[in-house]
Structures are given as structure tokens and as C-alpha cells.
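See below for the structure under consideration.
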Protein chains: 2
Amino acid sequence: MSDSPSADAPITVHLAYLLAQANREINRQLETRLRAEGVPVEQWRILKVLSDGNGRSMGDLAEAALLNHPTLTKTIDRMVADSLVYRISDPGDRRKVLIFCSERGKALGRRLAALALDQEAFIAENYGGKPMAQLKRLLGTLIERSG
Amino acid sequence: MSDSPSADAPITVHLAYLLAQANREINRQLETRLRAEGVPVEQWRILKVLSDGNGRSMGDLAEAALLNHPTLTKTIDRMVADSLVYRISDPGDRRKVLIFCSERGKALGRRLAALALDQEAFIAENYGGKPMAQLKRLLGTLIERSG
DNA sequence: TTCGGAATGTTGAATTTTCAACCGTTGAAG
DNA sequence: CTTCAACGGTTGAAAATTCAACATTCCGAA
């Protein structure tokens with residue numbers, strides 16, 4: 001009578017599993033596209049978030065780019081070494097460090113944005129625009145409800 | 001006139017981003033639940049896949065548990081050390097190694113399965129059973145179309 | 001039969017991530 | 001004012017992951 005999943009149900013009934021699998025797949029697709037610029041997906045997220053020209057604190061950026069705090073520190077170290085971003089101590093609160101995009105970073109960010117939009121278009125073609133929009137909407141509310 | 005995302009759209013329009021964010025969130029939830037047994041999510045997936053009592057080759061298991069090949073080898077090393085699983089060389093094809101669940105592994109797997117089903121129920125409550133079912137369906141077809 | 005390429009796993013080095021401890025700064029209570 | 005708990009970020013050691021190279025086995029073609 002119940003439709004709740006039973007103990008011997010396949011692992012694919014779990015939302016946690018389906019999300020991990022879908023994320024893995026789509027992430028791989030994006031990864032291979034970004035390989036044209038030799039940039040990992042995490043750096044695309046960082047550059048994308050910074051692409052409006054505003055600076056972000058490490059904390060805000062970590063949350064937006066889906067990275068843990070120490071991981072972001074070290075990723076930013078690499079990106080600074082590559083002259084993609086730079087740090088500025090926040091004058092209003094000297095505990096904070098603001099991250100800004102360099103010109104080089106912005107240029108790279110634009111090229112990456114084109115690649116990422118390509119992927120969006122590709123998925124929309126192969127999967128259908130309407131299901132894709134619906135999926136995005138459902139994911140958005142799931143994230144809201146889980147934060 | 002077009003509804004295709006523009007270059008300066010926020011990162012949240014990207015399916016790749018929403019999937020990563022949702023996965024991160026749900027994975028964290030599951031992680032904290034599984035912490036009661038001190039087991040990482042990857043080992044839950046492995047034990048879950050093996051819970052039917054059949055053995056799996058490293059390759060099949062890697063695919064099912066969403067792990068890269070060398071990562072799985074090392075994870076299985078740890079699980080063998082913990083007496084959760086064991087290796088048997090496939091008699092039919094001696095290149096292959098079959099992984100089986102020990103009794104201890106099965107018992108742990110049952111406890112983990114209960115925790116994972118708890119999470120499913122929790123999500124269904126907070127998010128709604130119908131949206132959840134729809135989300136699962138959309139993810140399933142996305143995975144099919146992307147494999 | 002024998003050879004060579006493909007399939008299956010493992011290994012070790014290098015990279016990356018994580019965990020815990022740390023330092024400097026802030027804000028606010030006493 | 002002081003003091004002190006909390007915040008924001010970094011660091012170094014430990015753990016996990018990845019990459020490339022490797023060994024073994026299988027299989028098909030010469």
C-alpha cells in the first residue's frame with residue numbers, strides 16, 4: 001500500500017544518488033568543454049561570480065563558488081599566480097579580503113562563459129528546453145528548502 | 001525575443017551550477033546522517049550496490065558507485081582492512097576482481113540503508129512528495145540522455 | 001600457434017582537498 | 001577604556017584523489 005522506498009530498492013531511488021550521478025555527468029561534459037582553455041570547473045565558477053566587476057570577500061565567494069574555505073584560499077593562490085584575480089584587504093573591515101578579477105581574468109571569463117553557454121544550448125537540444133527549465137526550477141526550490 | 005541565457009546572466013541559470021549546488025547540499029545532509037556510523041557517502045554507495053549479495057567487478061562497481069577507477073581501488077583497500085568487503089579473482093576472467101560484501105558489511109549496509117531512507121522521507125516531507133518524484137524522473141531521463 | 005592490441009586492475013608520484021590549529025581584527029559587554 | 005568571545009582568513013600536516021605508467025590476462029588475426 002505504501003509507496004515509500006523499501007530497504008532493498010535499487011540505489012537509483014535515492015535522490016542523493018541521482019543528484020550525484022547527474023552532477024557527475026554534466027560536470028564531466030562541462031570539464032571537457034573548458035579543457036579548451038585549460039581551466040577547471042571551479043575556476044569557471046569563480047570567474048563567473050566575479051564577472052560583474054565587483055569584489056567579493058573570501059567567505060561570500062566560497063559560498064557562491066561552492067568551495068570550502070581552505071580550498072578557496074588555495075585556489076585563489078593559484079589564480080593570483082596566473083594573474084587572473086587579485087586580493088585587496090577590505091578597508092571597511094580589515095579581517096576581510098576582497099577578490100577582484102583582473103583584465104586577463106575578465107577576458108578568460110568571457111571565453112569560458114561562451115563555452116558554458118554552448119553546453120546549456122547543447123543540453124537544451126538533446127534533452128528538451130521545457131524539461132530543462134522544469135528541472136532547473138525544481139532544483140532551485142530544492143536548494144531553497146535545503147539551505 | 002530569445003529566452004536563451006545571456007552572457008551576463010547569473011551563474012544560477014546554468015544547469016551545471018544548480019546540479020552542483022543541489023548535490024552539495026543533499027550530500028552534506030546525507031553525510032551528517034551517515035556520521036552516526038562513521039562511514040563516508042562513497043562507502044554507503046558501495047555497500048548499497050553490493051547489498052544484493054552478488055559480486056561486482058571493480059569496473060562495474062566503479063561505475064555504479066560513481067567513483068574513478070584508482071579511487072575505488074584504494075577505497076576497497078580500506079574497506080577490506082575494515083572487513084566490510086573482500087576480493088575474489090573472477091574464475092571466468094582472471095583479469096577481473098570481484099568484490100563481495102562480508103556479513104559485517106551487510107549488517108552495516110542495513111543500518112546505513114535505514115539512515116538513507118530516513119533522509120528520503122525527510123526530503124519528501126520538507127519538499128513535497130510530488131515535486132520530489134518529478135525531480136527524480138527528470139534527473140533519470142537527463143542521466144539516460146547524457147550517458 | 002603466436003603475436004600484438006585491448007581490457008582490467010593496481011601502483012606510486014604529484015596534485016588537491018580536508019581538518020585542526022592558528023593569527024589578526026572586530027564588536028560589544030563590563 | 002579593557003577584555004574577550006566571535007569572525008574572517010590562512011597555514012601546515014594528513015588524507016584523499018588523480019594522473020600516468022605499469023602488469024596481467026584475454027582475444028582475435030596472421
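This is a predicted model, so every value here is computed, not measured. Each chain gets a letter, A, B and so on, in the order its sequence line appears, and its residues count up from 1.
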Please table the atom pairs, donor to acceptor, closer than 3.5 Å between any side-chain atom in residues 52-70 of chain B and protein atoms at least two apart or in another chain.
| from | atom 1 | to | atom 2 | distance (Å) |
| --- | --- | --- | --- | --- |
| B:D52 | OD1 | B:N54 | N | 3.0 |
| B:D52 | OD1 | B:R56 | NH2 | 3.4 |
| B:D52 | OD2 | B:N54 | ND2 | 3.3 |
| B:D52 | OD2 | B:R56 | NH2 | 2.6 |
| B:R56 | NH2 | B:V49 | O | 3.4 |
| B:S57 | OG | B:D60 | N | 3.1 |

Return the polar atom pairs (N/O with N/O) between nucleotides 26-28 of chain C and the protein under 3.5 Å, or none.
| from | atom 1 | to | atom 2 | distance (Å) |
| --- | --- | --- | --- | --- |
| C:dT26 | OP1 | A:R94 | N | 3.1 |
| C:dT26 | OP2 | A:R94 | NH2 | 3.3 |

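- As rounded to whole Å, 18 Å separates atom C1' of D:dG9 from atom CZ of A:R56.
- With sequence neighbours left out, the salt bridge (charged side-chain N to carboxylate O under 4.0 Å, His left out) criterion links B:K106 to B:E103.
- Counting to the nearest Å, the C1' atom of D:dC27 and the NZ atom of B:K96 are 13 Å from each other.
- The distance from atom CG of A:L61 to atom P of D:dG8 is 14 Å, rounded to the nearest whole Å.
- At least one donor-acceptor pair under 3.5 Å links the side chain of B:Q119 to the backbone N or O of B:I26.
- For A:D77, the salt bridge (charged side-chain N to carboxylate O under 4.0 Å, His left out) test picks out A:R87, with sequence neighbours left out.
- Rounded to an integer number of Å, the gap from B:E63 CD to C:dA7 C1' is 15 Å.
- Within the structure, every pair that satisfies the salt bridge (Lys or Arg N to Asp or Glu O under 4.0 Å) test and touches residues 88-99 of chain B, not counting sequence neighbours, is listed here: B:D93-B:R95.
- Among pairs with a residue in residues 15-54 of chain A, those fulfilling ring-ring contact (aromatic ring centres under 6.0 Å, His included) read A:W44-B:H14, at least two apart in sequence or across chains.
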Can you give me every donor-acceptor pair (side chain of residues 140-147 of chain B, partner residue at least two apart or in another chain, under 3.5 Å) with its distance?
| from | atom 1 | to | atom 2 | distance (Å) |
| --- | --- | --- | --- | --- |
| B:T141 | OG1 | A:Y127 | OH | 3.3 |
| B:T141 | OG1 | B:L138 | O | 3.0 |
| B:R145 | NE | A:N126 | O | 3.3 |
| B:S146 | OG | B:L142 | O | 2.7 |

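- The salt bridge (Lys or Arg N to Asp or Glu O under 4.0 Å) analysis of residues 22-49 of chain A, with sequence neighbours excluded, yields the pairs A:E37-A:R111.
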For nucleotides 10-18 of chain D, 5' to 3', base contacts (B), sugar-phosphate-only contacts (S) and non-contacts (-) with protein non-hydrogen atoms under 4.0 Å give BBBB--SBB
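- The distance between atom CG of B:D60 and atom P of C:dT8, rounded to the nearest whole Å, is 9 Å.
- A:L66 places its CG atom 19 Å from the P atom of C:dT16, with the value rounded to the nearest Å.
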